[in-house]
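Counting from 1, the numbers follow the sequence of the chain as shown.
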Amino acid sequence: LSPVQFTAIGRDEVRRYGVEVLAGRAVDVTRDDRGGFRVGLVGGHTVIARRVLAASGLVDELPDIDGVAEHWGGDVIHCPFCHGYEVRDRRIVQIVTPPSGLHPSPLLRQLTDRLTVVLHGDVDRGDPALAPMRAAGVEVRQERVRQVVTGDDGHVTAVELVGGDRIGADAVVVGPGFRARAEPFATLGLALVDHPNGLGRVVETDALGETSVPGLFAAGNITDPSHQVLQAAAHGSRIGAMISFSLAHED
């Protein structure tokens, strides 16, 4: 299913339990005079709440390379588990920007024997993680990338380096940075922290899912960029239960 279809099914299901689903965008969350929250929406509407759950996900911060954003989620991918099966046995070029971007390389080598790794960013050519890749026959290039080349059919055909060389490609792998989409909560003083694995900036919570702002909870990949759909949904279910307990104890 596409993400849009998946989301629509979920919203239809929760409506059966009396949940109101509003189409809109939250722009600001503030305290009200009773210790609860006022959620300001685009257009001037306000929702009053005793608790708020931040489940607003992440922003993918892509490398500034022509063609990457255009093909993001199509021929430009980031996760061997999410997209690898679809590009198996094809020509894959991995563009490595931060050193942490090397971590999926062994998985990509399992998917295809036509893998090229391009060290585009601040990555040491002598990084120990590259030795087993070279031993497995993977070509490693250290040169900045100019663009991802699009063919007449609208699909990726190559990666062009600054020096002019082109590496044929059917799929391109990049490692984006991840930033929690937490702007509406800035007024409350919610600050982002660095994820321990260096995956980006996230919202920190306690074991019950509550943030540093009392009454504001968070769930899903806003708290951990490694969450895929199933983990994020399960986390949301668990934190939803914690919110229910919180309200029951208060009552």
Side-chain angles (χ1 to χ4, degrees), residues 3-62 64 69 72-73 176-251:
V4 173
Q5 290 174 298
F6 193 75
T7 302
I9 291 171
R11 289 176 177 170
D12 285 343
E13 289 181 348
V14 299
R15 286 189 180 101
R16 300 173 197 171
Y17 293 87
V19 175
E20 183 179 10
V21 179
L22 299 179
R25 181 177 295 274
V27 292
D28 192 32
V29 183
T30 57
R31 287 287 188 187
D32 65 17
D33 55 8
R34 294 176 297 178
F37 299 92
R38 298 173 61 89
V39 181
L41 307 180
V42 169
H45 296 288
T46 301
V47 177
I48 305 300
R50 292 167 62 191
R51 301 289 186 273
V52 171
L53 172 63
S56 43
L58 301 170
V59 175
D60 298 319
E61 297 183 325
L62 303 176
D64 186 18
W72 180 239
F178 300 107
R179 175 174 51 81
R181 196 187 302 271
E183 291 83 359
F185 312 103
T187 306
L188 293 172
L190 182 66
L192 301 182
V193 299
D194 291 325
H195 188 271
N197 290 340
L199 295 176
R201 304 276 289 168
V202 298
V203 172
E204 188 175 41
T205 70
D206 63 18
L208 301 181
E210 193 167 18
T211 70
S212 59
V213 178
L216 175 63
F217 292 73
N221 60 7
I222 192 173
T223 68
D224 185 347
S226 69
H227 278 187
Q228 295 180 0
V229 173
L230 291 178
Q231 294 99 317
H235 193 222
S237 177
R238 180 178 181 275
I239 303 308
M242 297 303 103
I243 292 174
S244 295
F245 277 113
S246 171
L247 291 167
H249 285 304
E250 182 174 274
D251 290 343

- Message: Is any side-chain heavy atom of Arg38 closer than 4.5 Å to one of Ile48?
- Response: yes

- Item | Asn221 to Gly57 - nearest heavy-atom pair and separation | OD1-CA, 3.2 Å

- Validation row: Ile243, Leu53 side chains within 4.5 angstrom (heavy atoms): yes

- Ile222 side chain reached by Val202 side chain, heavy atoms, under 4.5 Å: no

- Selection residues 230-246 - residue pairs positive for salt bridge (charged side-chain N to carboxylate O under 4.0 Å, His left out), sequence neighbours left out: none

- Query: Taking only residues at least two apart or on different chains, which pairs with a member in residues 182-199 satisfy salt bridge (charged side-chain N to carboxylate O under 4.0 Å, His left out)?
  - Reply: Arg179-Glu183, Asp194-Arg201

- Query: Between Thr7 and Pro3, is there a donor-acceptor pair closer than 3.5 Å when you use the side chain of the first and the backbone of the second?
  - Reply: yes

- Should we count CZ of Arg11 as having more than 12 external heavy atoms under 6.0 Å? no

- Query: Can you list the residues that meet the salt bridge (charged side-chain N to carboxylate O under 4.0 Å, His left out) rule with Arg15, with sequence neighbours excluded?
  - Reply: Asp12

- Message: How close do Leu190 and Ser212 get, counting heavy atoms only, and between which atoms?
- Response: CD1-OG, 4.0 Å

- Does any non-hydrogen side-chain atom of Leu188 lie less than 4.5 Å from one of Val29? yes

- Nearest heavy-atom approach of Ala182 to Leu192 is CB-CD2, 3.8 Å

- Message: Can you list everything that forms a salt bridge (charged side-chain N to carboxylate O under 4.0 Å, His left out) with Asp206? Sequence neighbours excluded, please.
- Response: none

- Message: Minimum heavy-atom separation for Val203 and Ala218, please, with both atom names.
- Response: CG1-CB, 3.9 Å

- Got a donor-acceptor contact below 3.5 angstrom from the Gln231 side chain to the Gln228 backbone? yes

- Kindly compute the distance separating CG (Leu208) from CZ (Phe245), expressed to the nearest 0.5 Å. 10.5 Å

- For Thr223 against Gly220, the heavy-atom pair lying closest together: OG1-O, 2.7 Å

- Message: The test is side-chain contact (heavy atoms from CB on, under 4.5 Å); show your working for Phe178 and Asp60 and say whether it passes.
- Response: CA-CA 5 Å; Phe178 300 107; Asp60 298 319; 3.3 Å; yes

- Side chains of Glu210 and Thr205: does their closest heavy-atom pair fall under 4.5 Å? no

- Task: Assess whether side-chain contact (heavy atoms from CB on, under 4.5 Å) is satisfied between Leu22 and Leu41, documenting all intermediate values.
- Result: CA-CA 10 Å; Leu22 299 179; Leu41 307 180; 4.2 Å; yes

- Query: Hey, does the side chain of Ser237 reach the backbone of Ala233 with a donor-acceptor pair shorter than 3.5 angstrom?
  - Reply: no

- Glu20 meets the salt bridge (charged side-chain N to carboxylate O under 4.0 Å, His left out) criterion, sequence neighbours left out, with none

- Would you say the side chain of Asp28 lies within less than 4.5 Å of the side chain of Pro184, judging by non-hydrogen atoms? no

- Query: Which pairs count as salt bridge (charged side-chain N to carboxylate O under 4.0 Å, His left out) when at least one residue sits in residues 240-250, sequence neighbours excluded?
  - Reply: Arg50-Glu250, Arg51-Glu250

- Task: Report yes or no: does Thr211 contribute a side-chain atom to a donor-acceptor pair with the main-chain N or O of Leu216 at less than 3.5 Å?
- Result: yes

- Note: Ala69 and Leu62 closest approach over all heavy atoms is CA-CD1, 3.8 Å

- Value rounded to 0.5 Å, distance of CZ in Phe37 from OG1 in Thr30: 9.5 Å

- Query: Looking at Val52, Val39, Val213, which one forms a side chain to side chain contact (heavy atoms under 4.5 Å, CB included) with Phe185?
  - Reply: Val52

